[in-house]
Amino acid sequence: MALIVQKYGGTSVGMVERIRNVASRVAAARAQGDDVVVVVSAMSGETNRLLNLANQVSSHVDDREIDVLLASGEQVSCALLALALKDLGLPARSFLGHQVRIATDSAHGRARIKSIDSTRVLESIKRNEVVVVAGFQGVDEGDNITTLGRGGSDTSAVAMSAALDASVCEIYTDVDGIYTADPFVCPRARKLGRITYDEMLEMASLGARVLQIRSVETAKRFGVRVHLRSSFNDAEGTWLVEEDEQMDSVLVSAVTCDNDEAKITIRSVPDRPGLAAQIFGPIAEANIVVDMIIQNASADGTTDVTFTVPKKDHPKAMELIEKNAALIQARGVTSDTHIAKVSVVGVGVRTNAGVAAKMFQALAEQSINIEMISTSEIKVSVVVAAKDSRRAVDSLHASLIESR
Ligand code: ADP
Ligand code: ASP
Ligand code: MG
């Protein structure tokens, strides 16, 4: 008999019939003799609906109250699932984050799990109950409710798996695995049987929202076996695995697209020491994460600095730079929110020098202009106009994945 953790995402619990479907899947796992801990997300659309309500009553950002509000989404779905399980005759018990005690830091809206006290969960399992835990939420030292950032129920599930030493963490969603590209963007995308933790980490940080990045970090750190699969069928999904020797023979594992960044260019700033610190210091102080940075020197001793920030932080970043403009002595600041970052990811990028060149060739053939480029050990990213992003994903998939 094994202990398994199953996580069901928003679409999988988005309607009453789907909650019943989840209950029968849990019943089937129990019938095999396994103990089951279920982690649920809010019903699909609910977190956005709650955020929208908050925006209507207040223009003030109050992270603590927003977390109290957002955590209610998962409270509803975990209670409904526990009811549906009992309706099938299965003993079940729901737990909110603070009842398990999922202890986090106090960074509202993006809290990190510090520890999980599994005592109550284990007692419940001993009583033969199915444990249903509200995902996405925790509690800080001062007993304030916190949330883990969008998509955070994945992290709740992986962290629960690590705390309980579960034999597997099954993440159920609306696709039946991790694909070589978002199957809704690139219909020819193929399902991967397995993917390394490192590749999935890159993919998650580059816009593939199929798993929250922190869930992958946690899985890698604690060696949690993660199996991502569909709640609508029984197909084998995708396993997260450690890298092995055969893997770098595969050039590229996946193409991703991130539409959530904006580009800012500061024109003709004097090319002198300390400049980058002057530009990026205040931005970092405001907790804005800068992603790509390019600096071009020109003949007249000035330079253009271009960088990207999350779209949601774009207004704040512009405000800070404009405030700072006199000090920086720039000749102008421009920005563009209609961009996309398209990336190719794979452990093969490390050993195959030709990946970037092949990528640029494929985009050139489509007459897609590359605005920025960045590389790391296992990925190459380019910034293109948002209107070109689907075509870019498609052509990169065709030239780097389908052609092999
Ligand atoms: P859930 O609500 O179950 O957590 P999400 O919407 O967060 O589901 O994540 C699943 C979605 O991730 C899919 O519907 C798909 O559009 C998207 N996605 C992006 N990239 C990929 C990929 N490479 N493979 C599979 N799904 C992907
Ligand atoms: N309900 C939260 C969200 O929509 C958490 C999750 O679904 O994982 O982001
Ligand atoms: Mg998700």
Side-chain angles (χ1 to χ4, degrees), residues 6-15 18 22 39-52 66-67 69-78 97 109-111 133-138 146-160 169-195 199-216 226 228-232 235 237-238 240 252-260 340 342-346 379 389-390 393 396-397 401:
Q6 298 190 330
K7 178 258 174 177
Y8 291 91
T11 349
S12 304
V13 294
M15 291 182 288
R18 291 197 177 161
V22 168
V39 175
V40 282
S41 291
M43 296 167 82
S44 56
E46 181 62 7
T47 309
N48 287 342
R49 187 185 74 85
L50 294 168
L51 271 175
N52 190 9
I66 296 284
D67 275 359
L69 177 72
L70 293 191
S72 71
E74 273 71 11
Q75 176 162 352
V76 169
S77 53
C78 84
R110 55 191 157 82
V133 178
F136 182 50
Q137 55 180 266
T146 55
T147 66
L148 310 180
R150 298 307 302 266
S153 301
D154 295 333
T155 304
S156 309
V158 173
M160 282 300 297
C169 177
E170 297 178 333
I171 308 254
Y172 287 93
T173 182
D174 59 352
V175 284
D176 62 3
I178 297 163
Y179 278 67
T180 50
D182 185 338
F184 292 109
V185 173
C186 181
R188 296 184 318 281
R190 292 197 293 249
K191 185 161 84 181
L192 297 160
R194 48 189 209 147
I195 185 159
E199 286 171 322
M200 192 59 230
L201 267 179
E202 286 283 5
M203 285 174 69
S205 74
L206 295 168
R209 70 175 190 286
V210 63
L211 281 175
Q212 198 203 32
I213 184 161
R214 280 188 187 162
S215 72
V216 189
V226 175
L228 186 123
R229 46 197 312 207
S230 167
S231 63
F232 304 128
T238 305
L240 297 196
V252 165
S253 295
V255 181
T256 63
C257 180
D258 186 348
N259 294 301
D260 285 333
V342 178
S343 313
V344 299
V345 180
K379 70 116 202 284
S389 65
R390 270 180 180 260
V393 170
L396 294 176
H397 194 271
I401 292 180

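Small disclaimer: the values here were computed from a predicted structure and weren't measured. Atoms within a ligand are numbered from 1 in the order they appear, just like the ligands themselves.
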(message) I'd like to check the ring-ring contact (aromatic ring centres under 6.0 Å, His included) partners of Y8; sequence neighbours left out, ordered by chain and number.
(response)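 With neighbours one apart ignored, the set is Y172.
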(request) Enumerate the protein residues lying less than 4.0 Å from ligand 2, judged by heavy-atom distances, in chain and residue-number order. (result)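 Ligand 2 is contacted, at a heavy-atom distance under 4.0 Å, by S41, A42, T47, E74, F136, R150, G151, G152, S153.
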(message) With a 3.5 Å distance limit and no angle check, can you tell me whether T238 reaches the backbone of L192 through a side-chain donor-acceptor pair?
(response)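 Between the backbone of L192 and the side chain of T238 there is a qualifying donor-acceptor contact (under 3.5 Å).
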(request) If a pair satisfies salt bridge (Lys or Arg N to Asp or Glu O under 4.0 Å) and one of its residues is in residues 176-189, list it, with sequence neighbours excluded. (result)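 Of all non-adjacent pairs touching residues 176-189, those that pass salt bridge (Lys or Arg N to Asp or Glu O under 4.0 Å) are D176-K191, R188-D394, R188-E402.
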(message) Testing S44, S231, S41 one by one against S12 for a side-chain hydrogen bond (donor to acceptor under 3.5 Å, both in side chains), which residue passes?
(response)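 Output: one option passes, namely S231.
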(message) Taking side-chain hydrogen bond (donor to acceptor under 3.5 Å, both in side chains) as the criterion, tell me which of K379, E202, E199 meets it with S253.
(response)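 For S253, the side-chain hydrogen bond (donor to acceptor under 3.5 Å, both in side chains) check succeeds only for E199.
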(message) Set out, in order, the CA-CA distance, both residues' side-chain angles and the distance that settles side chain to side chain contact (heavy atoms under 4.5 Å, CB included) for K7 and S156, then state yes or no.
(response) CA-CA 9 Å; K7 178 258 174 177; S156 309; over 6 Å; no
(message) Taking R229 first and then E170, would you say they form a salt bridge - that is, a charged N and a carboxylate O separated by under 4.0 Å?
(response)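 Counted as a salt bridge, because a side-chain N and a carboxylate O are separated by less than 4.0 Å.
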(message) Could you tell me if S215 and T155 have a donor-acceptor pair between their side chains, going purely by distance under 3.5 Å?
(response)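 S215 and T155 do not have a side-chain donor-acceptor pair below 3.5 Å.
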(request) State, without any angle test, whether Q137 and T147 hold a side-chain donor-acceptor pair at a distance under 3.5 Å. (result)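 Per modelled atom types, Q137 and T147 side chains form no pair under 3.5 Å.
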For ligand 1, list every N/O pair with the protein closer than 3.5 Å, one pair per line with the distance.
{"from": "ligand 1", "atom 1": "2 (O)", "to": "G10", "atom 2": "N", "distance (Å)": "3.2"}
{"from": "ligand 1", "atom 1": "3 (O)", "to": "T173", "atom 2": "OG1", "distance (Å)": "2.7"}
{"from": "ligand 1", "atom 1": "4 (O)", "to": "K7", "atom 2": "NZ", "distance (Å)": "3.1"}
{"from": "ligand 1", "atom 1": "6 (O)", "to": "R209", "atom 2": "NE", "distance (Å)": "3.2"}
{"from": "ligand 1", "atom 1": "8 (O)", "to": "T173", "atom 2": "OG1", "distance (Å)": "3.1"}
{"from": "ligand 1", "atom 1": "14 (O)", "to": "D174", "atom 2": "OD1", "distance (Å)": "2.9"}
{"from": "ligand 1", "atom 1": "14 (O)", "to": "D174", "atom 2": "OD2", "distance (Å)": "3.2"}
{"from": "ligand 1", "atom 1": "16 (O)", "to": "D182", "atom 2": "OD1", "distance (Å)": "3.0"}
{"from": "ligand 1", "atom 1": "16 (O)", "to": "D182", "atom 2": "OD2", "distance (Å)": "3.1"}
{"from": "ligand 1", "atom 1": "23 (N)", "to": "Y179", "atom 2": "O", "distance (Å)": "3.0"}
{"from": "ligand 1", "atom 1": "24 (N)", "to": "Y179", "atom 2": "N", "distance (Å)": "2.9"}

